[in-house]
There are 2 protein chains.
Amino acid sequence: MSTVIDPISRPARSTQLRPREVAERIKQYILHNRLKPGDALPTEAELCAAVGASRSSVREAIRILTALDIVEVRHGYGTYVGKLSLAALVESLTFRGLLSRDDDFRVLAELIEVRQTLEQGLASAITSALDQDLHRELSRLADQMDERARAGQTFIEQDREFHLLLMRPLGNELVAQLTAAFWDVHAIVAPALHTTPASVRETVAAHHAIVEALFTRDLDRFTEAIAAHYAPVRRHLKENRGL
Amino acid sequence: MSTVIDPISRPARSTQLRPREVAERIKQYILHNRLKPGDALPTEAELCAAVGASRSSVREAIRILTALDIVEVRHGYGTYVGKLSLAALVESLTFRGLLSRDDDFRVLAELIEVRQTLEQGLASAITSALDQDLHRELSRLADQMDERARAGQTFIEQDREFHLLLMRPLGNELVAQLTAAFWDVHAIVAPALHTTPASVRETVAAHHAIVEALFTRDLDRFTEAIAAHYAPVRRHLKENRGL
DNA sequence: CGGGATTTGTCCGTATGTATC
DNA sequence: TGATACATACGGACAAATCCC
């Protein structure tokens, strides 16, 4: 390894606590050495020596960084640079959503507005970058949802895939990951919020409408279809407002 | 405390590691007892006894939860429920941005698209909910930026406040926090990306244009002004594309 | 297939710093 | 100021997992 973490540069006191200090050093180490996800990091013992801290502190620092998916630990093997996903966002938002769930689903209502805004706001970019294969795939997913709904089954996997594919043509990794993160939070906080037969039919129809609007490249209809897609959940939220 | 964390319910081994297990227990404890930010949690010793784990494991679990701002620790006093902010999103996104900075600022470019989409997509909701006080405040901030720019000073505080106030009338806490988080990431990853005199003038003018569009409630002009606001950074990113 | 080496996981005991009363 | 309760940090010991020969 080229760059070394200089041991105990600071003289004595610091406002920062020890593990956070170490975590910062490790992040700097990754940046300075231009490591990428999957690359190996020094062992715990090496980190202790390099940074001049005990193993406990180093381990707590590693825990912080694993929570952020900045590092990844394989038991008995080594520590590596993490996937840099938005797992932390999912966990923290999910927790907030679960905490507010007993009250009024406030977080969920706000989440829906964000999801809808993103999908509607990116409509023109999506339609202009959409290719035929992708459109066929979306159509196929909508059909699958239809079939499963008629058979009384859920279709969460298809729904997740649908909304992810919708964003794919943008080539924007951040948008894709935010979409996935928000979807996951939604699914955990409201696992079965819109399961009345009428709502399910409405949701399925909305997915079909989205596909249709994409095919004709009709932005207004697309926007309407997205709004219709979230309408059932919005209605349910309003009804449970004064619980 | 009403609900107790049952000690070692699982019989033997688990695929889950100890600290993550403990972290999950602590989250469940908060949820079951309906604690809110600022409420006190059991001491480390009590948690150890309750969950049947050593201090090390409990401490590492607490570290994970502090990284997510789910718990907060006051040295020498106690541990409490955290503010449930999006600090984790800021830290993880910032790190991704810094890692990709040397290459092509990919993350920053994607971030700009998200910020612009949110602000433009929420335009109609913003204008319809905007009151006169807020409009005055936005106007004042734009003027301040103008003055500071003419004096050769930076205006990052004013810029941050401006974009936060823009979202305030929505009353959507999640949107507000996402806006703040994305702004912070942007500021850290691109601390001085658009500092040429011409770009600064352009940015200031865009803020004025946003205020103007809000005053006349002209959605098209608002959308244009937002696009103009991010234009300098986009241009700079394109120029540095093939570094 | 087995065994040894390496690395992370967990625990304990102790000393220290810090905030509250 | 002192006493108390608490989190912080360290070092050592042993267990568990993984890899390689």
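To find a chain, count down the sequence lines: A is the first, B the second, and so on, and within it residues start at 1. The structure displayed is predicted, hence computed values, not measured ones.
- B:Val107 and B:Arg96 get closest at one heavy-atom pair: CG2-O, 3.9 Å.
- Shown here are the salt bridge (charged side-chain N to carboxylate O under 4.0 Å, His left out) partners of A:Arg160, two or more places apart in sequence or in another chain: A:Asp184.
- Taking only side-chain nitrogens and oxygens, A:Ser57 never comes nearer than 4.0 Å to OP1 or OP2 of D:dT8.
- Side-chain contact check for A:Leu108 versus A:Leu237: some heavy-atom pair is nearer than 4.5 Å.
- For the pair B:Leu17 CG and D:dA16 C1', the interatomic distance rounds to 10 Å; values are reported in whole Å.
- Separating the CD atom of B:Glu72 from the C1' atom of D:dT8 is a distance of 17 Å, rounded to the nearest angstrom.
- Partners of A:Glu44 by salt bridge (charged side-chain N to carboxylate O under 4.0 Å, His left out), not counting sequence neighbours, listed by chain and number: A:Arg55, A:Arg59.
- Taking only side-chain nitrogens and oxygens, B:Arg74 never comes nearer than 4.0 Å to OP1 or OP2 of D:dA7.
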If you restrict it to nitrogen or oxygen atoms, what contacts under 3.5 Å exist between nucleotides 1-6 of chain D and the protein, and what is each distance?
none

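- Applying the salt bridge (charged side-chain N to carboxylate O under 4.0 Å, His left out) test to A:Arg106 and every residue at least two apart in sequence or in another chain returns A:Glu110.
- Counting to the nearest Å, the P atom of C:dT7 and the OH atom of A:Tyr80 are 10 Å from each other.
- In this structure the side chain of A:Val200 never reaches within 4.5 angstrom of the side chain of A:Met145, judged on heavy atoms.
- Rounded to whole angstrom, the span from the CZ atom of A:Arg59 across to the P atom of D:dG12 amounts to 17 Å.
- Residue A:Ser56 is classed as a base contact, given a heavy-atom separation below 4.0 Å to a base.
- Looking at residues 60-68 of chain B, you'll see that no heavy atom sits under 4.0 Å from any atom of DNA chain C.
- Atom pair A:Arg18:CZ and D:dC10:C1' shows a separation of 10 Å (rounding to whole Å applied).
- A:Arg55 contributes a side-chain N or O that forms a donor-acceptor pair with the base of C:dT10 under 3.5 Å.
- Using a 4.0 Å cut-off between charged side-chain N and carboxylate O, B:Arg20 and B:Glu60 make no salt bridge.
- Within the 4.5 Å cutoff, no side-chain heavy atoms of B:Thr79 are placed close to those of B:Thr43.
- A search for side chain to side chain donor-acceptor pair (under 3.5 Å) contacts involving A:Arg140 returns A:Glu137, not counting sequence neighbours.
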